[in-house]
Amino acid sequence: MIYLSKTHREVTEKYIKFAYSGMPGSKILPYDKVITSKDAEEVWLFGILRGTNLVYEHCVKNKIKFYYMDRPYWGNSRQEPYFLRIVKNGHVKNHIEERPDDRFKATFPFDIKPYHKSGSKVMVCPPTSSISTFFKCEQWLSNTVQKLKENTDREIIVRDKPYNPEAYKDINGVIRTGGNSTKKPKEKVDWSEIHAVVTFNSSITIKALANGVPVFTDQNNCAYPIAEPDLTKIESPRYEDPRPLFYSLAYGQFTAKEMSDGSAKKLIDGR
């Protein structure tokens with residue numbers, strides 16, 4: 001049986017309904033019903049809040065095939081055409097598939113600039129509170145800054161996500177948000193000043209690579225295939241052509257129409 005987990009939030013429930021439309025015979029259930037079902041062969045979920053974190057963990061633990069949906073690598077998810085990334089059995093697409101450039105050319109919003117090597121600052125983009133809670137990486141920022149200070153004299157600037165409400169787990173292990181949820185203005189980045197971007201899972205790596213800035217991250221990021229994971233090499237980044245990565249990622253995000261007509265699933269499954 002194919003189950004889709006409710007998001008328990010009105011503004012995101014539409015994404016589940018898009019996917020549901022493309023899979024006749026599937027069922028939409030609350031998260032607790034999904035993780036107690038005995039006949040789940042495939043599960044679809046959006047995000048990691050309000051119980052979907054437990055669905056994700058349940059699928060991993062029990063080796064149930066799952067399709068994880070979340071904000072796209074680029075493009076708009078909140079209005080048409082409603083782009084979402086969809087990852088089979090994972091959180092991000094962190095490998096490169098050999099793909100043509102058609103979907104990339106049709107959707108990529110940035111000009112791709114050559115790498116520059118004149119930046120004087122290292123920009124660090126930490127995980128949000130929700131991501132830190134889910135991946136249990138609450139010390140990522142302090143550990144990262146410490147490691148960078150040991151290996152570079154460049155100025156280190158920390159750029160938080162503009163909207164980052166505090167997250168916590170309730171008594172059932174459900175990740176919820178609350179407390180400080182002030183939305184700060186998005187800071188404009190002068191990419192010519194940036195030597196490298198260091199981040200956990202943020203898709204700012206896409207903007208950085210498009211603007212000629214190399215990135216440092218690990219397998220939790222979509223740019224992992226061309227990133228340098230070793231922070232001791234902060235002074236010697238990898239300068240790889242990002243286009244094959246972008247071509248691959250373009251085949252990892254889909255519109256509402258592609259979800260609703262079933263073509264998204266076919267592309268993901270290689271059919």
Side-chain angles (χ1 to χ4, degrees), residues 7 11-23 44-47 67-115 125 128 131 159 161-163 186 188-189 191 194 197 199-215 217 219-227 239-271:
T7 67
V11 296
T12 55
E13 199 68 28
K14 60 179 174 289
Y15 305 132
I16 292 298
K17 292 178 180 177
F18 293 154
Y20 171 76
S21 296
M23 293 180 289
W44 288 66
L45 64 150
F46 176 89
Y67 294 77
Y68 176 81
M69 299 183 287
D70 212 322
R71 302 302 175 188
Y73 304 111
W74 61 80
N76 200 323
S77 64
R78 292 177 171 86
Q79 62 187 40
E80 292 185 352
Y82 296 111
F83 275 110
L84 289 183
R85 77 174 188 264
I86 305 178
V87 189
K88 188 174 182 178
N89 299 327
H91 191 256
V92 294
K93 187 178 184 180
N94 58 5
H95 60 280
I96 294 179
E97 295 177 311
E98 188 174 343
R99 293 288 193 174
D101 64 2
D102 55 339
R103 292 175 68 88
F104 162 80
K105 286 182 174 179
T107 64
F108 198 70
F110 313 116
D111 293 328
I112 299 179
K113 301 175 182 177
Y115 285 110
C125 300
T128 63
I131 289 293
R159 185 178 189 269
K161 192 172 183 179
Y163 182 67
K186 185 176 290 187
K188 188 173 181 180
V189 178
W191 292 105
I194 308 301
V197 164
T199 190
F200 183 74
N201 75 309
S202 174
S203 60
I204 197 168
T205 49
I206 302 297
K207 288 184 180 180
L209 291 167
N211 281 278
V213 175
V215 298
T217 189
Q219 68 272 11
N220 292 297
N221 195 283
C222 63
Y224 175 64
I226 64 170
Y239 295 101
E240 293 193 26
D241 183 357
R243 288 171 181 81
L245 173 71
F246 295 161
Y247 300 165
S248 175
L249 293 177
Y251 272 81
Q253 59 179 38
F254 306 90
T255 64
K257 181 179 183 301
E258 291 172 319
M259 286 181 267
S260 298
D261 66 17
S263 59
K265 189 176 189 303
K266 290 179 180 179
L267 272 174
I268 296 168
D269 289 342
R271 292 186 281 124

Note to self: Please enumerate all residues that pass side-chain hydrogen bond (donor to acceptor under 3.5 Å, both in side chains) together with R103, with sequence neighbours excluded.
What the structure shows: E258
Check: Just how far is it from atom CZ of F246 to atom CD1 of I96, taken to the nearest 0.5 Å?
Finding: 10.0 Å
Margin query: Working note: I16 + M69, criterion side-chain contact (heavy atoms from CB on, under 4.5 Å); need CA distance, chi angles, decisive distance, verdict.
Written below: CA-CA 9 Å; I16 292 298; M69 299 183 287; 3.5 Å; yes
Margin query: Run W44 and K265 through side-chain contact (heavy atoms from CB on, under 4.5 Å) and show every step you take.
Written below: CA-CA 11 Å; W44 288 66; K265 189 176 189 303; 3.9 Å; yes
Notebook entry, point to check: Under the 3.5 angstrom rule, does the side chain of N94 hit a backbone N or O of Y224 as a donor-acceptor pair?
Noted result: no
Check: Can you tell me if T128 uses its side chain to pair, donor with acceptor, with the backbone of I131 under 3.5 Å?
Finding: yes
Checklist line | Separation between CD1 of I268 and CD of Q253, rounded to the nearest 0.5 Å | finding: 11.0 Å
Notebook entry, point to check: Can you list the residues that meet the side-chain contact (heavy atoms from CB on, under 4.5 Å) rule with S21, with sequence neighbours excluded?
Noted result: S260
Item checked: Separation between CD1 of I206 and CG of N211, rounded to the nearest 0.5 Å -> 11.5 Å
Notebook entry, point to check: Passes side-chain contact (heavy atoms from CB on, under 4.5 Å), V189 versus K207? Steps please.
Noted result: CA-CA 10 Å; V189 178; K207 288 184 180 180; over 6 Å; no
Checklist line | Side-chain (T255) to main-chain (F83) donor-acceptor, under 3.5 angstrom | finding: no
Checklist line | Spacing of T205 atom OG1 and L245 atom CG [to the nearest 0.5 Å] | finding: 8.0 Å
Margin query: Could you measure the distance from the CZ atom of F108 to the CG atom of D101? Nearest 0.5 Å is fine.
Written below: 12.5 Å
Next item on the list: Measure from the side-chain N and O atoms of E97 to the backbone N and O of S248, and report whether any donor-acceptor pair falls under 3.5 Å.
Entry: no
Next item on the list: Would you check if the side chain of N221 reaches a backbone N or O of S202 as a donor-acceptor pair within less than 3.5 Å?
Entry: yes
Item checked: Spacing of C125 atom SG and I204 atom CD1 [to the nearest 0.5 Å] -> 4.0 Å
Note to self: Does K14, at its NZ atom, have more than 12 non-hydrogen atoms belonging to other residues, nucleotides or ligands within less than 6.0 Å?
What the structure shows: yes
Check: Considering all heavy atoms of both residues, which atom of S263 and which atom of D261 are nearest to each other, and what is their separation?
Finding: OG-OD1, 2.6 Å
Check: Which pair of heavy atoms, one from A223 and one from V215, lies closest together, and at what distance?
Finding: CB-CG2, 4.1 Å
Item checked: Nearest non-hydrogen partners of G47 and D70, listed with the distance -> CA-OD2, 3.8 Å
Margin query: How about OH on Y20, more than 12 heavy atoms from neighbouring residues, nucleotides or ligands closer than 6.0 Å, or not?
Written below: no
Next item on the list: For I86 and M259, work out which heavy atoms get closest and say how close.
Entry: CD1-CG, 3.8 Å
Checklist line | Short side-chain to backbone donor-acceptor contact, K88 and D269, under 3.5 Å | finding: no
Check: Looking only at heavy atoms, which two atoms of T7 and T12 are closest? And how far apart?
Finding: OG1-OG1, 2.9 Å
Item checked: Residue pairs fulfilling side-chain hydrogen bond (donor to acceptor under 3.5 Å, both in side chains) with at least one residue in residues 72-83, sequence neighbours excluded -> R71-S77, W74-T107
Next item on the list: Answer yes or no: is there a side-chain heavy-atom contact under 4.5 Å between Q219 and H91?
Entry: no
Note to self: By the definition ring pair (Phe, Tyr, Trp, His ring centres under 6.0 Å), identify the one residue from Y67, F254, F46, Y68 that meets it with Y15.
What the structure shows: F46
Checklist line | Where T217 and A227 come nearest, the two heavy atoms and their spacing | finding: CG2-CB, 3.5 Å
